[in-house]
Amino acid sequence: MTTDEQNFVLKARREKHDALLERGIAPYAYGFRRTHTAAAAVAALGAADEGERVNVAGRIVAWRGQGKTSFAHLADDSGRIQLYFRKDDLGEALFETLKLFDIGDVIGVAGTLFRTKTGEATVRVSGAEMLAKSLRPLPFGKEEIVNGVLVRHSGFSDPEQRYRQRAVDLAVHPEVRAAFVARSRMISALRAFLDARGFLEVETPVLQPLYGGAAARPFTTHHNALDIPLYLRIADELYLKRLVVGGFDAVYEIGHDFRNEGIDRTHNPEFTMLEWYQAYADYSDMMVLVEQLLVAAAESVRAQPAFAEAAPKLRPPFPRVQWVAALDAALGTAALAMSDAELRAAAVRADVAKPDTLSRPRLLDELFQAHVERTLQEPTFVLDYPVELSPLAKPKRGAPELTERFELFAGGRELANAFSELNDPLDQRRRFEAQAELRAAGDEEASGIDEDYLRAMEHGMPPMGGVGVGIDRLFMYLTGITHIRDVILFPTMRPE
RNA sequence: GACCCGAUAGCUCAGCUGGUUAGAGCAACGGACUUUUAAUCCGUAGGUCCUGGGUUCGACUCCCAGUCGGGUCACCA
């Protein structure tokens, strides 16, 4: 492989750049006054054969030179439009300058709309400006429509390079842009849903002196001036609940959480979480809210043409199954009555990795995952988790060994997790102490005691329902996209 | 972490049971062409065949190790 400096393709581009300068043409402009986007220009022509004068700008994505004429396609955010350059229209000097234009250049053109004899809306160009000379070619493939389906030839398909060079991936793949537009619209819809119900969007610390609210290994960093370790948050939960103590009755946050764990097609170390908390509500209220929110999210995805078909048609209420009953049914016995040794033996039979190292709650959870979770394809609420698995959830009314907690599963994956939030500071302290014991016994994911959070709760925390929704996975479920890297613009990669 | 697959021109790929100057299409460069659309036609240039060992008269090709990537499975409440 040649180095960039020696590469003949780059060299040719650079020579054209220099030739533009010699002709007194700036290769990099300050702006361009557009009258139409590409799509708007096509629409402006309508069914007519001759149309108005337009100024359009974008990237040259195809070029067909033909002696004293040339055809090109110009792409912008809205779509693409064909350009027709004719020497008689442009004059000798400008037509010669066109030879310095390449696929990938960003240009602006002025001209009148017309329809070619093959029926395509086209700009008959009378003036063209270089806006940004592309010194490094973009790997545009050639495209054709076969039986109404776009077929791309060559192009840019190396998965690694596509994720590493997302700017290139986006520039040459409109369908990738469409996925991220859909993601953005879905997040807007989530905000609109919560805003309309009186929730206040807030921002809580990403850098935290203690991490909590979930079971995961954190990223650790160090603050120089304070000379203390700080952790990137693994959840927003404990700060949002402090805000409810402070008098904000309904809050939510959409932000990144960070978990220092493996990377695969459903896990990125940095991912987007929506959490909300509503005072005076319990987990039953949250179930209804989650159903409504999912319907709103699915509608927003279905409104995107690229995903109109993919988005599932949700019909609340979703089925509710009891955690204990589901696990008992799968194991054929009462799971909570099993001894630690029996649980461990069951874990071995279920191919759970390293069962000897797991605490009792983790064993139960592993068994539930192995036997129940992955069977849940249609959206399903799993209710009432054992208290050992849920240190931040209130005991279930009438069954104190369980908690008022649910998780929503769909497509075999967890989409949401919610509780009637524990607001008894004395109980919370006992739960933290139990976690601390598990931690001391080697459970890396058990939490410690967060005294500052306990102090906030001791001032009086209203009863509330709270929910966490994994946004990346929700979007994957609603679009049918199977790899988390395809829903995160810049997924975490090993450095080159 | 386990198993399978892959790495060759800027991009997408071919290269047989080992054989001497490593190919194609696109992109690039030169030329022809004033309604093309995977434009077409003629010509030119472009390579550390991932890295390191080994086998062999000879390795892009076979073997070993490594690196990186992809897929599947497992793990990650």
Side-chain angles (χ1 to χ4, degrees), chain A residues 1-4 6-13 15-16 61-73 80 82-90 95 99 102-104 114-120 122 124 136-146 150-164 168 172 214-217 234-235 259-269 323 350-354 358-359 361-370 373 382 385-386 388-391 405 407 409 413-414 417 443-446 468 482-483 485 493-496:
Chain A
M1 198 181 294
T2 54
T3 66
D4 288 348
Q6 295 164 334
N7 183 284
F8 63 99
V9 179
L10 298 183
K11 212 164 152 187
R13 294 284 176 116
E15 284 166 6
K16 289 180 180 178
V61 297
W63 189 274
R64 295 177 293 282
Q66 206 178 347
K68 297 186 179 62
T69 65
S70 283
F71 286 90
H73 272 102
R80 53 165 64 190
Q82 182 167 250
L83 306 180
Y84 177 48
F85 299 92
R86 197 162 169 269
K87 190 173 182 180
D88 293 347
D89 296 336
L90 292 167
F95 197 77
K99 291 181 177 163
D102 285 302
I103 290 174
F114 77 109
R115 186 171 307 284
T116 64
K117 70 181 186 189
T118 57
E120 181 164 356
T122 302
R124 183 183 287 109
R136 190 179 288 275
L138 285 163
F140 284 103
K142 296 215 167 188
E143 298 172 349
E144 65 175 331
I145 307 289
V146 179
L150 180 73
V151 177
R152 197 174 273 128
H153 302 271
S154 273
F156 185 51
S157 59
D158 182 316
E160 179 187 3
Q161 292 308 318
R162 287 185 48 205
Y163 299 121
R164 285 194 189 282
V168 174
V172 305
R217 279 180 287 167
I234 59 173
R259 297 186 184 177
N260 203 341
E261 288 165 354
I263 297 175
D264 65 21
R265 65 185 183 291
T266 60
H267 294 84
N268 196 65
W323 191 95
D351 283 332
V352 171
K354 295 186 274 184
L358 297 180
S359 58
R362 291 288 307 279
L363 279 169
L364 286 166
D365 190 52
E366 293 287 343
L367 286 169
F368 187 82
Q369 284 183 44
E373 276 190 19
V382 174
Y385 284 64
E388 302 95 320
L389 285 175
S390 313
R405 172 183 181 186
E407 293 195 343
F409 291 89
R413 288 197 286 269
E414 176 193 344
N417 181 26
D443 185 343
E444 283 188 19
E445 296 187 345
T482 56
H483 208 304
R485 285 187 309 197
M493 305 279 288
R494 184 190 301 277
E496 278 187 279

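Since the structure is predicted, the reported quantities are computational estimates derived from the model, not experimental observations.
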First encountered from the 5' end of RNA chain B, between A:W63 and A:Y84: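 Result: A:Y84.
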Residue whose closest nucleotide on RNA chain B lies nearer the 5' end, A:R485 versus A:D365: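 Going by which nucleotide is closer to the 5' end, it is A:R485.
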[N] and [M]: how far apart are their [atom1] atoms, nearest whole angstrom?
N	M	atom1	result
B:G10	B:G54	C1'	34 Å
B:A27	B:U67	P	39 Å
B:U51	B:A45	C1'	29 Å
B:U12	B:G52	C1'	29 Å
B:C5	B:A14	P	16 Å
B:G15	B:A22	C1'	8 Å
B:U72	B:G18	P	33 Å
B:C64	B:A59	C1'	15 Å

Rounded distance (Å) that lies between atom [atom2] of [N] and atom [atom1] of [X]:
X	N	atom1	atom2	answer
A:K11	B:A28	NZ	C1'	13 Å
A:K99	B:A28	NZ	P	15 Å
A:R86	B:U36	CZ	P	13 Å
A:D264	B:U72	CG	C1'	12 Å
A:L83	B:A39	CG	C1'	16 Å
A:E160	B:G71	CD	C1'	15 Å
A:I103	B:G10	CD1	C1'	13 Å
A:K68	B:A39	NZ	C1'	18 Å

Base, sugar-phosphate, or nothing for [X], non-hydrogen atoms under 4.0 angstrom?
X	result
A:R124	base
A:K117	base
A:A214	base
A:F114	base
A:E414	sugar-phosphate
A:E143	sugar-phosphate

Donor on one side chain, acceptor on other, A:H73 and A:E143, under 3.5 Å: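 Not at all, the side chains of A:H73 and A:E143 share no donor-acceptor pair under 3.5 Å.
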Just name whichever nucleotide pairs with [N], Watson-Crick or G-U, keeping both distances under 3.5 Å, else none.
N	value
B:U44	B:A28
B:G18	none
B:G1	B:C73
B:C62	B:G54
B:A7	B:U67
B:C13	B:G23

For [N], does either OP1 or OP2 sit under 4.0 Å from a side-chain N or O belonging to [X]?
X	N	value
A:R64	B:A39	yes
A:K16	B:C29	yes
A:T69	B:U35	no
A:K142	B:A39	yes

Among [options], which is the nearest nucleotide to the side chain of [X]?
X	options	value
A:L389	B:G71, B:U35, B:A77	B:A77
A:D158	B:U35, B:U12, B:A77	B:U12
A:E407	B:U35, B:A77, B:C75	B:A77
A:Q66	B:U36, B:A27, B:A74	B:U36
A:T116	B:A27, B:A77, B:U36	B:U36
A:D102	B:A77, B:G70, B:A28	B:A28
A:R265	B:C73, B:A77, B:A28	B:C73
A:F71	B:U34, B:U36, B:C29	B:U36

Please report the shortest heavy-atom distance between [X] and [Y], naming the atom on each side.
X	Y	result
A:E414	A:N417	OE2-CB, 3.5 Å
A:H483	A:D264	CE1-O, 4.1 Å
A:I234	A:A214	CD1-O, 3.4 Å

A:Q66: side chain to side chain contact (heavy atoms under 4.5 Å, CB included) partners, not counting sequence neighbours: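 A:Q66: side chain to side chain contact (heavy atoms under 4.5 Å, CB included) contacts with A:T69, A:F71.
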Results of side chain to side chain contact (heavy atoms under 4.5 Å, CB included) for A:P386 - residues two or more places apart only: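 Testing A:P386 for side chain to side chain contact (heavy atoms under 4.5 Å, CB included), a comparison that skips the adjacent residues, returns A:W323, A:L336, A:E388, A:L389.
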Heavy-atom check, side chain of A:P137 versus side chain of A:I103, under 4.5 Å: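 No. Closest side-chain heavy atoms not under 4.5 Å.
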Check: A:W63 ring centroid to A:F85 ring centroid under 6.0 Å: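 That pair passes the under 6.0 Å test.
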Distance-only donor-acceptor test, A:Q82 side-chain atoms vs B:U36 base atoms, 3.5 Å: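 Present.
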Sidechain N-carboxylate O distance under 4.0 Å for A:R405, A:E407: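 Judged by the 4.0 Å cut-off on N to carboxylate O distance, A:R405 and A:E407 do form a salt bridge.
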